[in-house]
Amino acid sequence: MALRVFNTLSRKKEDFVPASPEVVRIYTCGLTVYSRMHIGHARTYCFWDMFRRYLEYNGYHVMSVINYTDIDDRLMERATDSVGSIDIAERVIASFRNDCRMLRIKDYAVYTRATDFIRGQIEMVAQLIGKGHAYVVNGEVFYDVASFPGYGKLSGRTVEEQQVGASGRIGEDVSRKRNPADFTLWKPSEGGQPSWQTGHPDWPQGRPGWHIECSVMSSETLGATFDLHGGAVDNMFPHHENEIAQSEPLCGCSTWVKYWMHPEHLDLRGEKMSKSLGNVVGVPDLLERHSYDKLRWFYAMNHYRTKLAFSGELIDSAAEGYRKITNLLDILEGRLSKWEDVAEGVPARGDYASLREPEMRVPRLRHYYEYGQYGELATKFIAKFREAMDDDVNSPQATAAMFEYVNELYRGGIESADDMPSVLAAYRCLTRHLYVLGIERPNELLYPQLATDCFPVGGESDTAAQDAFIDRLVEARGQARADKDWAKADMLRDLFAQCGLEVEDTAEGARWKLKG
RNA sequence: GGCGGCGUAGCCAAGUGGUAAGGCAGAGGACUGCAAAUCCUUUAUCGACGGUUCGAUUCCGUCCGCCGCCUCCA
């Protein structure tokens, strides 16, 4: 079975077949950088990251482009004499990059800024005018919706339908437009507003409209046509609809972009998140309460095309189940780290990390998830995981498969198994698939490629000395237990707990961890 | 006014024309000095009413409730 995705264009699940069998080209609408990324954006970009990771898992190289809209009225409104709109944009972009890294969103191949592509935008506007798709009114350029028969095909609406209830803001604008749905391609700037010279007498100066920038940036970076265009639901109309209207007549093809996908928004219990309601939560605020991996797991537990009920309690509830998985990984890491060269015990029958067709795979490393006494469980799990993800990225089902896998590993006694190569294979199988969901465990136990691919976790200090100290404390309690001095042992355990140190007694001795 | 979506156990959430994954919470049990961790057992007729069908939670219709979009928005 191969990957199928729900294509907004057809409103159906379709086989995902990129133009190249090796490369997938994706353009994602990024932020309008007038204000910082919030948790809603996080859901969207975490989804795109998971999608990208799954494509890579399948052997594709993903050329991903994301843009910053750094020319915008809201940006200009916020500008002051001392802090210009470009300053604001720079700050927001910097914090966006930082937030993405905190969320372990892999770097995009290209980050574009609308203001870096003005020349192309002017050129494209001119072409649209030349082809009769746009008209000029007092230095302002509008797209003529009526000139494009396909207008509305993405969002499934017609121009006529819209007119009835278009009550909102048909104000001063409409008189200059031929059709209320016509949108701005270029508008003149006044006063201190950012302005570019066009070289066209009818519309000599000004700035671009919102939609034209994405049409230009995507095509200049990815080519006249590309595989997939993303964003979130709110982009579907009018933004993406307008992009199609602009680009399709000029791309020299019948279909500018083959697939469109639109992840749903967050649902904050009926309250729309907005600045005015004061319920905008930034990524750092959120990560202070819930570590990134719990958040990623929470996102993965919900399907991307359904609204996500979002609250701290729901994240905690999901994290409680996730803890069972990390608990196992902690145990396995602790045991595996005591073995030298355990990887040598795994046969070198490896495949390339991806799941390309067998004849296309490159056996270069020891990737052998299905090795050893837990091999059958891995086979079953991988099949279920892939089946779920292939079906329009059904990550909730994928997480369910992972729970089943983990349960069976526990049941199979992996906590105390002696066959370390088998344990390693299972450990790698789990971490590899968590990685697809955006959860990374940088660890030398991983095979080298994945280990280097994981996000660098800067700033972590060496805790060896501290660990040794804690070991001695825990040993003291162990002695009390050996002496059957339960009062002392329990007193110490309570004391440790108060300090955030949890101790568990196992057949192999006490195990501790810092609660975080 | 137009377009679209949703309603599955206390909570979250997949899914299917043949009587419903997974997680949280709850209950009982095993293990443990006690815990913890883990394991075992256990909890739903899928918003309401009709229709199609041998059979619908899954298809169609009506209704009720919730929500999004049509205006900048991830």
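Below, chain A is the first sequence line, B the second, and so on; all start at residue 1.
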[atom1] gap between [N] and [M], integer Å:
N     : M     : atom1 : result
B/U57 : B/G51 : P     : 13 Å
B/G1  : B/C63 : P     : 13 Å
B/A56 : B/U19 : C1'   : 10 Å
B/G26 : B/G18 : P     : 35 Å
B/A13 : B/G7  : C1'   : 13 Å
B/G22 : B/A9  : C1'   : 13 Å
B/C46 : B/C6  : C1'   : 14 Å
B/C64 : B/U43 : P     : 36 Å

Within this structure, what is the [atom1]-to-[atom2] distance between [X] and [N], rounded to whole angstrom?
X      : N     : atom1 : atom2 : value
A/F298 : B/C24 : CZ    : C1'   : 12 Å
A/E213 : B/C72 : CD    : P     : 14 Å
A/F237 : B/C69 : CZ    : P     : 13 Å
A/E264 : B/A74 : CD    : C1'   : 11 Å
A/E241 : B/C3  : CD    : P     : 16 Å
A/D390 : B/A14 : CG    : C1'   : 16 Å
A/Y108 : B/A74 : OH    : C1'   : 10 Å
A/M301 : B/G15 : CE    : P     : 14 Å

Euclidean distance, [Y] [atom2] relative to [X] [atom1], rounded to 0.5 Å:
X      : Y      : atom1 : atom2 : value
A/L55  : A/L3   : CG    : CG    : 6.5 Å
A/M236 : A/L154 : CE    : CG    : 6.0 Å
A/S247 : A/W256 : OG    : CH2   : 3.5 Å

Which base, if any, makes a Watson-Crick or G-U wobble pair with [N], both distances under 3.5 Å?
N     : result
B/U52 : none
B/C34 : none
B/G65 : B/C6
B/U71 : none
B/U57 : none
B/A27 : B/U41
B/A20 : none

Practice item. Remember a base hit wins even if backbone is also touched, and classify A/F47 as base, sugar-phosphate or nothing at under 4.0 Å, heavy atoms. Key: nothing

Check your understanding: With sugar-phosphate meaning primed atoms plus P, OP1 and OP2, does A/H239 contact a base, only sugar-phosphate, or nothing at under 4.0 Å between heavy atoms?
Key -> nothing

Practice item. Could you encode protein contacts along nucleotides 6-11 of chain B as a string, one character per nucleotide from 5' to 3', using B for base contact, S for sugar-phosphate-only contact and - for no contact, with a heavy-atom cut-off of under 4.0 Å? Key: ------

Review point. What string of B, S and - do you get for nucleotides 25-37 of chain B 5' to 3' if you count protein non-hydrogen atoms under 4.0 Å?
Key: S-------BBBBS

Review point. Taking the six-membered ring for Trp, are A/Y151 and A/F237 parallel (under 30°), tilted (30 to 60°) or perpendicular (over 60°)?
Key: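 Rings of A/Y151 and A/F237: perpendicular, as their planes differ by over 60°.
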
So does [X] get a side-chain nitrogen or oxygen closer than 4.0 Å to the phosphate oxygens (OP1/OP2) of [N]?
X      : N     : value
A/N394 : B/G15 : yes
A/N302 : B/A13 : yes
A/N407 : B/G23 : yes
A/T32  : B/A74 : yes
A/R411 : B/C40 : yes

Review point. Does A/H265 lie flat on the base of B/A74, that is, centres under 5.5 Å apart and planes under 30° off?
Key: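 Stacking is present between B/A74 and A/H265, given that their ring centres fall under 5.5 Å apart and the planes under 30°.
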
Look at [X] together with [Y] and state whether they make a salt bridge at an N to O cut-off of under 4.0 Å.
X      : Y      : answer
A/D316 : A/K294 : no
A/D390 : A/R4   : no
A/D49  : A/R53  : yes

Revision key, fill the gap. Whichever of A/Q397 and A/P263 has the more 5' nearest nucleotide on RNA chain B, that residue is A/Q397

Exercise for review: Map A/A401 and A/C29 onto RNA chain B by nearest heavy atom, then report which one ends up closer to the 5' terminus.
Suggested key: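 Taking each residue's closest nucleotide, the earlier one in sequence belongs to A/A401.
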
State, without any angle test, whether [X] and [Y] hold a side-chain donor-acceptor pair at a distance under 3.5 Å.
X      : Y      : result
A/N242 : A/Q246 : no
A/Q397 : A/D391 : no
A/D99  : A/Y45  : no
A/D234 : A/H265 : yes

Review point. Only one of A/K324, A/R335, A/R441 clears salt bridge (Lys or Arg N to Asp or Glu O under 4.0 Å) with A/D330; which?
Key: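 In the set A/K324, A/R335, A/R441, the residue that makes a salt bridge (Lys or Arg N to Asp or Glu O under 4.0 Å) with A/D330 is A/R441.
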
